[in-house]
Structure formats: C-alpha cells, structure tokens
Amino acid sequence: MTLDDDFLAKQVAAALGDSRLGVEEARPQHRFVLDYAGPNVAKEMHVGHLRSTAIGDALARLLEFLGHGVARQDHLGDWGRQFGMLVEHLVDLGWAPETSDRSISDLDELYREAQRKFDADPEFAERARRRVVALQSGDPESTALWRQLVEESRRHFAAVYRRLDLTLGPEDNRPESFYQPMLEPMVAELEQKGLVRVDQGALCAFPPGFQGRDGQPLPLIVRNSVGGYGYAATDLAGVRYSVYELGADRLVYVTDARQAQHFAMVFAVAAQAGWLDGVTAEHAPFGNVLGPDGRPFRTRAGDTVRLADLLDEAVDRARQVVMEKNPALGPDEVERVAEAVGIGSVKYNDLVNDRIKDYVFDWDRMLAREGNTAPYLQYAHARIRSIFRRADEDAVTPDGSELGGRVVLEAPEERALALNLVSFDSAASASASNLQPHRLCTYLFELATSFTAFYEACPVLRAEPELRTSRLALCDLSGKVLARGLNLLGIEAPERM
Ligand code: ARG
C-alpha cells in the first residue's frame, strides 16, 4: 500500500497540532490492575527488580496514555515466617517498639545475621518460632517492631523508586500483609464452593489441567498444615480484591518467568471460583539479566548486584561521557544530563529486549551513542532541540506550533520520516496490547534513524523559506514524538547532551 504524499503531509500537520501527537485513545477502555515492583522487606532491591519496575512502569504509563484506567499495585513481600527471626533479631539489637525512625544501613546484612543466628542457635530459633506466632496473632510489641522494619525498608525502596522515576506512589503500596484480614473469608468461599480439600494436612486446591512430574494432580497450597497462609493465598485474595474492590477487568502481573506456574494456578482457581467472569488475568513474565559470561549477573565477589549500586555506576559512567562530549556544560546541567542518560540507559536496555528473553548486561553497549540505545534516542532529540535554538537565534522561527500547515514531502528521506512519524499511533497501541515495551523501543529507534537520514540529506535552516518551514515541522514533530515516546518508557529527554 502506498500513501499519497498529500495525505501523509496532512497527517503530519494534524499530529503536530494534536497534543496526543496523533495517538488515539484505545477503544474499549479497560480498568487495569497492574502488579509490579513488589520487592521484599528486609532485603535490598537487586538487579532482578530492575526488570519488574522498568517494564511495569512503562506499561502503566503507556496504558494510561491510551486512556485506560490503571491501578498500580506494589505487592511488597512483608509477611511470612522469616519475620519471626527478623523481629527477634531486632529485639536482640535493642530495638524497642516505641522507638521511631530507626535506620539500617544494610538491609541484606541484617537479614543475613538473623539467618545465621537462626541456623546456629537453637534457642534463638525457638524464640523466632514463637515470635512468628505472636506476630501473626497481632501481639502489639511484635507488630510495632515489624512495622518499623517495614517502614525502614520502604524508605530504602522509595529512594530507588525516585531515582528510577517510577510512577508508583504511597497509594499503590499493597503489601502481602494488606490481605491478611481477607484470607479467612476468601478460603471460606473456596470451601463453600467445594474447590479445596485437605491433603497431607494442608488445605489445597487442585485446578484442572495441572499435573506434577508423577502425573498426579498438582496442589496449590492455600493453607499449610500448621494453619499458615502463604504466597498463593495472598494472590488469590488479591485477585478477588482487584476484581471486586478495584473494579478491574484486566489483571496484569509483571514478575520473573519462574512464577509462571504459580500465576497460572492462581488464575485457574480464581476462574473456578467465578471471580474472573468478564475479566482477563495475565502474567507478563520476564527473563533473567545475565552477566557477560552468560550466567546470572553478579558482582565480582559473586554476590547479587544491588540495584542502588548499579544505578550509581550507570550515572558515574554517563557523567564521564557527558563531560567529554559537552565541555561547555555547567556542573548542574552535567549532573542532570548524566542522571537522565545513566538511568535512562539502564532502563532502556532492559526494555529494548523482548520481555520474555534473558539479556546480557553490557555497560558499553547500553551507553553507546550508536545503536538501539537510550543515548542514541536522547541524542537525536537533543540535536533537534539545538536546531530550534539556532533557528531562534536567527530570529526567524516560531516554536513549531504554527509549522504544521505547510508540510511538503519531496525527498525520499522526508517521506520515509513522515511515514514513521504517523506510525506512532500503531506502535503505541501494539506495544500496549501485547504488553511489550520493546515494540515501542523498536519504533523509536526506527524514527531516530530515519530522522538522522533525513537530517543528513535535507538542509533545514539553510533551505529556502517554504521548505525550511516544512522541514522544521518535520523536526518539531520528530522531537516531540521522541520525547513523548521516551517519556512513556519512563526515560527523560534532556534538551542538550
Ligand atoms: N515479592 C515478589 C518477589 O519478589 C513479587 C511479587 C509479585 N506480585 C504478586 N502479586 N505476587 O518475587
């Protein structure tokens, strides 16, 4: 199919005059519950959480831009047996329930110490077991200590979220403990519907179609043999809550691929219970982040990589590049650009890969100005901004808003660019409906590439007036689509770099 040049030119002009840049709202609109991030209390966020946060947040932004309702759910792991030993350890450290704003410099270390004591000291292990019971039955002292630990962990997470520029706010905090009061009524409903039975002491559901290696039906453990509720029960309650309290008709969970079976079973039981009538529940799984050796990405010492450290290093590396390329930038701007480029590179590098696949973490590749990277797109955008700065100096050019009316497409590069510009709509909607941010990345990369080709072939500021206006319009829309596209991916587009 070949589009008529005049038609294409009009589409470009229309997109330029449209605050949505030609992207239509989705029909029908849905109410999404989007579950992502969900780090675990008393543990540092590590490189694995990069994936859930980068992908989840991009999807949230994209779906919202398309007009859908999005309720973000940050399913913090703040409940379970390990909190007995953690709280008991805090008691040993002299924490008192009434002390507020305690700080922990190293959450992982706290966890390791508690674990070490639990393994080595039977007396401590016994206290930890009693503490779980106390905590889960609402003992005020235990609850107060546990709450301090949760709050302190959340402060750590909030700092990383801020740095990653996530759109998650305190209102999205939906930790496991939130569902505790809902578990008994939820289980009662499953019992009443005949969907669970006791197997080896545990209350289990056996959704049809799930078999173990031995060919026996696979249980989803709803309540264990000592009466405790775990991850599955919480997620079942979460489905019920999302549908009936939040009014969702689309549930999306962004977690690593290892949890695929868990979610498949949870959805199957929820469907049996009738909670998913008219509702689609989907697991959006992602692959692993690998080191250069093709094994899970680790530090040289073999530890998991803390996300906070990774982001620091990204910004340090970006700062070097920014200072080298722009000796004229002031220190504040260097910092701002380095942050945008460093964090943007890490996020983009995560998003650009097909969600489901593993990818290799490679500093040089993600920070390169060539190739399908954040810096390449950011640079293309900054270059466009500089055209307008120079055009302003000539005192001839408007800011672009009036440019749309007179688009002419003559050179093949102009046509190719125009064609890409008017494809933003289909790229955004395909990316959203498949829950695949990498499609939007691919689109933006093609756009930046066709812009570069256009800019090399077609003089802009030196063109004769009519052509100049038209080409400025193409530049303007290119810059706006790049900035908006990056914004939907949760990445900044600095004015210069
Ligand atoms: N805390 C979990 C983890 O770190 C992720 C939670 C995902 N969300 C959910 N509803 N299960 O693996």
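Ligands are counted one by one from 1 in listed order, and the atoms in each one are counted from 1 as well.
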Atom indices of ligand 1, in the order listed, that fall short of 4.0 Å to a heavy atom of G38: 1 (N), 2 (C), 3 (C), 4 (O), 5 (C)

Cation-aromatic face contact R162/F157, 6.0 Å, 45 degrees: no

Heavy-atom nearest neighbour of atom 4 (O) of ligand 1 within options D235, V266, V239, N40: N40

Cation-pi check, R355 onto F286 ring (under 6.0 Å, within 45° of axis): no

Which of the ligand 1 atoms, numbered from 1, are nearer than 4.0 Å to a heavy atom of F263: 9 (C), 11 (N)

I221 atom CD1, over 12 foreign heavy atoms within 6.0 Å: no

Qualifying side-chain hydrogen bond (donor to acceptor under 3.5 Å, both in side chains) pairs, either residue in residues 226-236, two or more places apart: Y231-Q259, D235-H262

Geometric cation-pi criterion R127 and F124, 6.0 Å radius, 45° cone: no

Which residue and heavy atom of the protein sit nearest atom 8 (N) of ligand 1, plus the separation: D35 OD1, 2.9 Å

Using residues 267-278 as the side-chain source, report each donor-acceptor pair under 3.5 Å to any protein atom, sequence neighbours left out, with the distance given to one decimal.
unit_1	atom_1	unit_2	atom_2	d
W275	NE1	E189	OE2	2.8

Under-4.0 Å heavy-atom contact with ligand 1, by part of Q259 that carries it: side chain

Which segment of Y36 sits under 4.0 Å of ligand 1 when only heavy atoms are counted: neither

Polar proximity ligand 1 side, Y231 side, N/O cut 3.5 Å exclusive: yes

Interfacing atoms of ligand 1 (cut-off 4.0 Å, heavy-atom, T255): 7 (C)

Geometric cation-pi criterion, R484 with F424: 6.0 Å, 45°: no

Within-cut-off N or O pair, E176 and ligand 1, under 3.5 Å: no

Proximal ligand 1 atoms for Y253, defined as those under 4.0 Å from one of its heavy atoms: 10 (N)

